[in-house]
Amino acid sequence: MSENLFAKLTEHQLSDLAGLGCQLDGEGACLLTVPAERLLAVMKMLRDDVASSMNYLGDITAVDRGEAGFEIIYQLFSVTRGVKATVKVKVPKDKPEVPSVVSLWPGADWMEREAYDLMGVTFAGHPELKRILLDEDFAGHPLRKDFRMQPRE
Amino acid sequence: MRTQTYELNMGPQHPSTHGVLRVILELDGETVIRAKPVVGYLHRGIEKICESKSYPQVLPYADRLDYLHSMGNALGLCQTVEKLMGVEVPERAEYIRVIMAELSRIASHQIFLGSLVGECGALTGFVFAIRDRERILDLFDMACGARMTFHYIRYGGVVQDLPEGWVEACRKFLDDFDGMMETYRNLLVGNEILQARLKGIAVLSAERALAMSASGGVLRASGVNYDVRKAEPYGIYNRFDFDVPLGTVGDSWDRMMVRLGEMEQAARIVRQALDQMPEGPVMAKVPKLIKPPPGEIYHHVENSKGDLGYYLVSDGSPKPYRLHVRRPAFVNLQLLDELCRGYLLADVVPILGTLDPVLGEVDC
Amino acid sequence: MLKEYFGVLLFAGVAAIIPLAVFAVSYLLSTKKDTPEKGLAYECGMDTRGETWVQFKSGYFLYALIFVVFDVETVFLYPWAVKFGQLGLFAFVEMLIFIAILLIGYWYAWKEQVFRWK
Amino acid sequence: MTDFVNFALYHAWLIPALPFLAFVLIVFGLRRHEKAAAATAISLTGISFLLALGVAGAVFSRPELVEKPLVYSARWFSMAGLSVEMGCLIDGTSAMMLFVVTLISTLVMIYSTGYMHGDEGFTRFFAYLSLFAASMLGLVIATNFLQLFVFWELVGLCSYLLIGYYYYKVSAREAAKKAFMTTRVGDFGLLVGIVLIQTFLGTMDFVELSGKLPAFAKEAPVLLTTIGFLVFIGPIGKSGQFPLHVWLPDAMEGPSPVSALIHAATMVVAGVYLVARAFTMFSVAPEAQHFVAYLGGFTAFFAASIALTQREMKRILAYSTISQLGYMIMALGVGSLTASMFHLMTHAYFKALMFLAAGSALHALHGKADIFEMGGLYRKMPWTAAFMVIGAIAIAGIPPFAGFWSKDEILVMTKLHGFTGLYYLASVTAFMTAFYMFRMVFTAFFGKENPENHPHESPVSMLVPMGVLAVLSVVGGLVGAPFVAKGFGYWVRYGAYHHPEFHADVAGISVLLALLGIALAWTIYGAKKVAAKDLAAKAGFLYTLSYNKYYIDELFQWINRVFADGTGKILYWVDLYIVDGIVNGLARLTAFAGERFRYVQNGQVQHYALVFFASVVFIILLSGLLGVTTAGVQSGGVAG
Amino acid sequence: MTIGLEHYLAVGAMLFCIGLYGVLTKRNAVAVLMGIELMLNSVNINLVAFNRFVAPADFVGQLFAVFVIVVAAAEVAVGLALVISIYRLRDSIHVDDLNLLKW
Amino acid sequence: MSNEAVYGIMFYLVSAVVLLSAVAAVTLRNLIHAALFLAISFVSVAGIYVLLHADFLAAVQVLIYGGAIPVLIAFGVMLTRTPGAAGSNPVNTKTYIWGLGITGALFAVIMLSLLKSKFAMQGLISKEPSIEGLARLMLGDFLIPFEFAAILLLAAMIGAIILARGGEAK
Amino acid sequence: MPNDDILLRIGASLRELFAGVLPGPDAVDVAMYFVALIACVALIFTNAVILILAERKVAGFMQSRLGPHRLGPYGMFQTVADVIKLLTKEDYRPQGVDKWVWAMAPVVLFVPPVMVYAVLPFGKNLVPVDLNIGIFYFVAVSSVATIAFLMAGWGSNNKYSVIGGMRAVAQMVSYEIPLVFSILGVVMLTGSLQTSVIVEKQSGIWFILLQPVAFVIYLIAAAAETNRMPFDLVEGESEIIAGPFTEYSGMRWAMFFLAEYASLFAVSAIASTLFLGGWHGPSFLPGWVWFLGKTYVMIFVFMWVRWTFPRLRVDQLMALCWKYLIPVSLANILITGIGIFAYRAMGG
């Protein structure tokens with residue numbers, strides 16, 4: 001399935017994506033690594049383009065790569081065309097910020113909040129970027145590798 | 001009149017919020033202005049814990065996500081790890097897994113159905129559903145000795161082969177199951193009051209459902225044909241002949257009916273699996289120390305709540321570097337606010353019921 | 001007649017005394033251990049936010065209003081029903097007119113969607 | 001014949017009842033059947049007319065009725081100390097009124113079948129007309145003040161309905177409201193007067209009253225005068241006397257037949273008729289009577305001076321009505337019931353005729369009202385023009401037309417009873433009447449045609465009633481001419497019969513003045529020898545004043561505004577400076593009292609309740625002190 | 001000592017005055033309405049008492065009491081509706097804040 | 001104990017309940033308490049009716065004043081709530097003194113005139129059950145008031161609906 | 001007086017006993033009222049115990065399970081154990097409640113159903129207080145129960161309670177009208193409000209046959225009046241916890257239940273009085289056995305309904321009452337009237 005999209009993208013949009021400075025990485029899944037500033041444009045293209053029409057945002061998560069910064073990973077599907085893609089954004093450790101995709105997929109709301117809550121990645125433009133699972137006054141972001149659990153007293 | 005609106009807490013300690021969900025209702029009289037779900041009361045930090053556990057130690061946590069559909073959760077995680085490691089699962093184990101996952105789906109939907117009508121006041125319906133669910137739990141009990149957190153599906157297969165007489169017991173259950181469905185339909189579907197309570201309530205359009213990343217019965221009730229078992233058949237699901245029940249309106253009633261249909265389809269799959277199931281080993285050769293190669297993978301399965309996904313990052317060590325769970329109930333729960341708005345206080349509980357959240361999964 | 005109503009009064013008095021007596025017994029038998037948490041108003045485990053004495057929409061009032069009108073109507077209907085056998089057709093027509101007049105109001109309320117919960 | 005006459009006499013109540021029946025039938029059964037509705041209304045009113053003829057015949061055959069009216073009545077309701085009856089009072093005056101009202105009503109209804117043809121509310125209109133006629137007839141046969149008042153109010157209601165007939169027009173709504181409100185002012189005075197009559201004289205019956213009044217006049221002349229004034233406020237409102245005349249010109253917003261009915265036969269003459277009915281009272285209260293005379297005279301002159309400059313045809317007619325009503329009222333005031341009633345009758349003929357003719361013209365011109373936009377109508381509408389000319393001659397007082405005889409009678413009576421000033425004023429008014437009437441006739445019906453207009457003669461159904469009225473306008477006055485023995489004055493009179501005498505000087509002067517007026521009108525508007533504009537410019541201030549109706553409407557608006565806002569301001573000012581000024585100057589005790597007094601009108605219910613119950617306590621104490629303790633209960637309490 | 005008409009009338013008078021006190025001195029419009037209801041009740045006591053002691057053969061007094069109850073029900077319905085509508089407009093139900101009769 | 005004495009005791013008992021709860025209804029500072037005491041007072045008035053042999057009327061009193069009007073008043077209170085129930089029924093200080101005075105004065109004059117009055121009394125009690133007597137009167141001599149009662153109720157109902165809905169119609 | 005009726009015999013002998021001790025027949029009558037009262041109270045308490053157990057057993061039966069079965073034979077002592085537990089539970093008052101209003105609500109709720117027992121015709125000559133306005137008395141007295149819900153809702157200082165209280169009142173007042181109107185049909189047939197007379201008139205034919213519509217309306221309205229399923233929105237536990245009862249515990253809470261079962265019995269008994277011929281039945285059993293039997297059948301119907309239907313939503317509840325029951329009940333009155341005239345015209 002994923003090869004399907006890869007093929008289609010090569011036909012229609014490959015040049016565009018190349019022009020945007022994206023890499024296409026076809027290891028088992030269609031993986032697009034996108035710089036943060038291009039994320040919204042690429043996402044919008046993926047959602048609205050007829051070939052891909054990624055109308056379903058599956059998942060948003062973040063991975064702490066230590067000194068290499070954070071990776072934010074989006075899982076996209078097209079319910080209509082049956083294709084899927086993974087979009088990855090790398091952000092530096094000291095400034096983990098990506099644009100929010102809530103404007104494209106309203107369902108991204110809680111997923112982004114969760115990633116923010118647990119990993120400390122900021123989603124610029126999110127309507128209500130607050131902690132969701134943890135207390136408002138919780139210090140730190142537990143899924144970061146440098147987070148140390150406080151022993152319970 | 002300029003009635004002042006007021007806030008009303010529903011939960012976390014409330015008889016019908018499916019656990020420790022808290023909904024802050026803003027009401028005008030009895031009309032819901034806003035229904036803000038507050039989650040996290042059951043947050044255990046499973047994702048963080050997993051990073052410090054070896055892969056076999058991680059597996060029980062999957063059971064504790066959606067504790068009503070443990071088999072499906074474990075199936076998803078095992079398949080994720082197996083996919084990354086490239087392990088081939090024996091045929092018989094694949095069938096057993098499908099049988100268990102689908103039985104688990106039926107059990108989970110029975111809870112859904114029972115609690116939904118029970119919250120609407122039809123306690124007898126609730127009791128019927130729970131009673132029938134016991135039959136499935138008995139089957140699980142026979143297979144693995146547990147009734148809730150089974151730890152039955154393991155990396156490479158299942159922990160042990162089905163005991164003697166299990167298949168017969170399962171067939172017996174399936175034979176009775178048609179009668180159970182008949183009862184549900186008679187008791188619930190034809191009930192005028194229940195129809196009045198659910199029809200036309202909290203209508204969710206297909207576009208909105210997609211945009212909100214809803215999945216499972218919630219999405220399909222709105223008429224979107226998206227079932228991971230069909231869209232990306234994992235395991236051996238492409239060997240079975242089953243339909244995806246779809247709704248037309250997207251109201252609470254459709255969400256209930258879609259799940260009723262899914263129960264029937266699940267039984268259909270189980271029947272086929274029982275018929276096709278070959279003899280053979282139930283466990284692949286898996287190293288004692290599970291060390292998936294470095295890499296990352298996203299794998300998702302259709303569990304009873306919807307699209308359950310695992311995002312696994314391995315650095316080659318015996319412990320996962322990062323394990324993220326895409327919990328369908330968590331994502332679906334976002335819809336509560338917009339579905340409740342404008343309806344009455346009494347509608348909130350059935351609407352929540354049709355979203356079918358399990359807080360163990362929502363809070364992770 | 002007064003004697004019968006004395007009996008009714010007895011019933012009322014005893015009916016009021018019974019719960020009080022039961023409470024007294026319960027008070028004697030029960031354990032007592034007060035903690036601050038016990039005394040909190042129940043709101044699903046959270047502290048109550050805002051006024052507990054919530055304000056209501058006039059829908060409730062309208063139901064009560066129409067109820068009062070119908071309730072008063074019954075005051076006339078019962079004597080009529082009792083005397084019905086002896087009163088003849090004329091009284092029946094009179095009562096029909098009476099009800100018809102009130103039905104205008106009922107119809108109006110229906111038309112104004114008073115009976116539709118908002 | 002005698003049978004019919006007697007039947008009519010003793011069943012005179014049928015005369016109002018039949019139109020009322022028509023009203024009920026139309027409203028409840030014939031809403032959708034135009035022809036049937038019109039036929040019902042016309043036929044039932046026509047029967048009323050026949051009965052009215054019968055009543056008239058009865059009066060002719062039994063002359064004693066003139067002195068001693070026939071009264072029969074039934075108990076309407078009664079309570080302690082008050083018994084009210086409803087019934088019929090038949091004498092010469094009421095017989096005459098019945099005749100006139102039924103006649104005009106019938107004719108107007110016939111006319112309306114043509115005029116209102118195709119109107120949406122055709123049946124509604126006939127229902128209103130029937131009710132209107134019924135109310136007026138009920139008023140005419142009233143035996144007492146209360147019955148009269150009830151019908152008086154009904155007449156007011158109908159006029160409201162009819163003036164506002166085109167309720168979708170803002171102006172019509174406003175006019176109807178204005179008529180209703182203005183006449184209400186008068187009605188209030190009347191009501192107070194009636195209550196006072198009941199209180200002090202113990203009866204409201206006309207016949208009984210006339211017996212009691214002379215004695216009462218000796219006892220309490222001031223009170224009687226007051227009552228007279230109060231009662232007269234009613235006619236001021238109803239009959240459009242200064243300063244409550246403002247509604248009448250606006251009342252032309254109704255359909256033209258309605259105007260004819262209102263101006264000629266019903267509504268407005270109700271006031272005159274009331275004064276006639278209460279003539280005994282005025283005759284023993286000279287101050288009130290003189291007031292009536294002078295107000296009537298002034299109104300006649302005042303309205304005529306406004307009519308001089310108006311441009312709308314119906315408005316001119318309306319002011320002429322006010323003016324003629326002034327004559328009638330004046331005649332009553334100078335003490336001649338006969339003259340007043342005579343003029344009422346003739347005026348009904350020719351004013352109805354003129355309104356119907358005007359309606360015919362407007363009908364043809366689709367509602368164009370300005371006479372200066374008409375011109376030369378006589379070519380296309382010869383009949384209408386002829387009728388209008390007849391009417392104009394009649395109102396101008398040219399012999400032998402009807403108006404001459406009645407107006408002459410009034411002038412003679414005025415002069416004979418020593419109201420010389422009024423006589424001159426009335427004569428000048430007669431001149432002005434002739435002038436403005438012919439101004440209208442010359443401008444609208446003669447002269448150059450307006451090419452924009454495409455008039456056409458009205459249908460027969462409209463012409464026939466006008467024809468009947470035209471004949472009456474010509475010969476109708478002869479019944480009261482001096483050379484007729486036992487003429488009008490014999491049958492309609494108060495007190496002893498005086499045969500009218502021909503006073504050549506009075507008649508000559510009035511005819512001369514009328515001719516002069518016509519000539520002047522011809523000079524200016526017919527032959528255009530003198531430009532009207534120049535005159536207007538020369539008259540300047542007077543013209544503007546007249547054209548704007550002496551700014552009476554504006555005055556009322558101003559008064560209204562000033563009273564609504566101003567009273568509050570004045571009260572506030574009084575409160576602030578006078579009350580507080582005194583308060584500040586006095587001791588604290590007074591300050592406290594002032595504070596309390598302020599509460600008396602602070603709008604708070606509780607304070608009103610306080611005052612109310614304090615008064616209750618006070619009254620009980622008072623009655624207790626006087627020893628009238630609950631006498632009612634002592635005698636047996638609530639009876640079973 | 002027999003209980004007679006006067007006793008009931010006295011009770012009625014007391015109830016009336018209590019109600020009147022409420023009407024005159026309460027700020028809350030609902031409380032004022034409550035006072036009026038008390039006054040109406042006192043009237044009913046009087047009516048029934050007179051019925052019982054003065055004309056026991058007939059039930060006119062009781063029938064009038066029924067009518068008074070009807071009026072009272074209508075009064076309280078419209079009164080409260082008024083209060084509610086005033087509250088909606090003015091956000092206050094204190095009668096001393098209301099001076100609608102003032103112009 | 002003679003029947004008459006029992007009657008006397010009952011009269012004083014019921015009257016005391018009526019009057020005391022009425023006093024509570026007009027003096028309590030908590031409007032809710034006041035309303036509840038009002039209900040008590042109303043229901044006790046039914047006792048007075050029973051003592052006056054008006055059994056049907058007593059039941060009517062309980063039905064209307066025990067079940068209907070307190071509900072209406074309660075909803076009225078709920079709809080027009082003021083923050084805090086405790087001081088929801090304040091006294092109008094501007095009218096208080098005068099109100100008290102006038103009430104007292106009125107009571108005094110009523111009692112005075114009561115003392116001075118004489119009534120023509122009949123001791124017998126009708127054999128006809130009051131409910132039948134009422135029906136006879138209601139549908140006979142008092143037909144017009146009876147139908148007017150319907151019209152009054154109709155008017156009240158429509159008027160109150162219009163008033164109470166007011167701004168909500170949109 | 002039939003000698004074979006044990007209750008009547010007991011009554012007669014008690015009367016004799018009192019006549020010997022007490023002065024005058026009036027005092028004896030009053031003493032007999034007291035006896036009846038004691039009997040009624042005993043009935044209420046035993047009933048509550050029995051009905052709670054019955055309810056659980058019925059529920060178990062409906063849901064294909066056993067219900068209580070541990071304590072005593074068939075779990076018969078389960079309720080007793082519950083009562084003991086409730087009696088010994090701590091009786092605490094939450095902070096912020098309006099003390100007296102809160103505390104008196106259960107009492108006020110308990111009084112009306114008990115008072116209704118006064119007019120229940122348990123058998124011929126077995127009416128505790130045979131008022132001649134009996135049924136109207138029932139209507140009047142039971143209408144007071146609304147105040148108790150108001151008090152509980154108001155007094156509890158809890159939002160769920162207030163919502164529940166308001167709902168309770170709106171529901172109870174609404175359903176009072178069809179209830180009252182449905183009774184009216186029977187009153188038109190009998191021409192009397194006296195319960196004993198109403199039963200007496202059913203010696204030939206039970207009114208359920210003449211007034212089937214009224215019977216159905218009565219059942220629905222009575223279920224709503226007693227806040228039974230499917231009209232138990234007052235408690236509506238899935239939304240508003242326990243409505244006005246949220247802040248009650250121990251015996252105070254139990255008192256609400258006691259009141260509920262007392263009134264359940266009362267409305268069932270009234271149903272059998274009005275429609276099912278009361279004490280009439282084949283004479284091999286005494287009348288009061290028939291009466292109680294019919295009443296328990298009615299109670300069973302109520303329980304059956306309760307364990308079958310889901311709860312209505314509040315707007316649907318109101319619509320059912322105002323848009324269906326009231327017009328139908330009014331039409332029933334009309335048709336009854338016409339029917340009576342027609343019957344008379346045919347010479348009946």
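All values below were derived from every heavy atom in this structure, side-chain atoms included, with hydrogens, water molecules and symmetry-related copies excluded. Chain letters run A, B, ... following the sequence lines, proteins first, then strands; residues in each count from 1.
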Classify the ring geometry of A:Phe77 against B:Tyr298: parallel below 30°, tilted from 30° to 60°, perpendicular beyond 60°.
tilted
Are more than 12 heavy atoms from other residues, nucleotides or ligands located less than 6.0 Å from atom [atom1] of [X]?
X	atom1	answer
A:Lys44	NZ	no
B:Lys291	NZ	no
B:Glu88	CD	no
A:Glu128	CD	yes

[X] [atom1] to [Y] [atom2] distance, which is reported to the nearest 0.5 Å:
X	Y	atom1	atom2	value
B:Gln334	A:Ile132	CD	CD1	7.0 Å
A:Leu133	B:Arg44	CG	CZ	11.0 Å
A:Thr86	B:Tyr311	OG1	OH	7.0 Å
B:Ser213	A:Tyr56	OG	OH	5.5 Å
B:Arg327	A:Glu114	CZ	CD	4.0 Å

Counting heavy-atom pairs under 4.5 angstrom with chain A, the leader among B:Gly45, B:Ala214, B:Gly295 is B:Ala214
Under 4.5 Å from any heavy atom of chain A - which part of [X]:
X	value
B:Asp315	neither
B:Val331	side chain
B:Glu207	neither
B:Asp307	side chain
B:Leu333	both

Residue pair [X] / [Y]: nearest heavy atoms and the distance that separates them:
X	Y	value
A:Lys88	B:Glu296	NZ-OE2, 2.6 Å
A:Gly66	B:Tyr321	N-OH, 3.9 Å
B:Leu210	A:Val79	CD2-CG2, 3.6 Å
B:Met212	A:Pro106	SD-CB, 3.4 Å

Cut-off 4.5 Å, heavy atoms of chain B, and the answer for A:Leu104 is neither
The interface call for A:Leu134 against chain B, heavy-atom contacts under 4.5 Å, is side chain
Just so I know, are the side chains of [X] and [Y] near enough to count as touching, which here means a heavy-atom distance under 4.5 Å?
X	Y	value
A:Arg65	B:Val313	yes
B:Arg322	A:Leu143	yes
B:His43	A:Leu118	yes

Using the rule given for side chain to side chain contact (heavy atoms under 4.5 Å, CB included), can you reason through A:Lys145 versus B:Glu51, listing the C-alpha separation, both sets of side-chain angles and the distance that settles it, and then say yes or no?
CA-CA 9 Å; A:Lys145 288 293 175 188; B:Glu51 292 177 11; 3.1 Å; yes
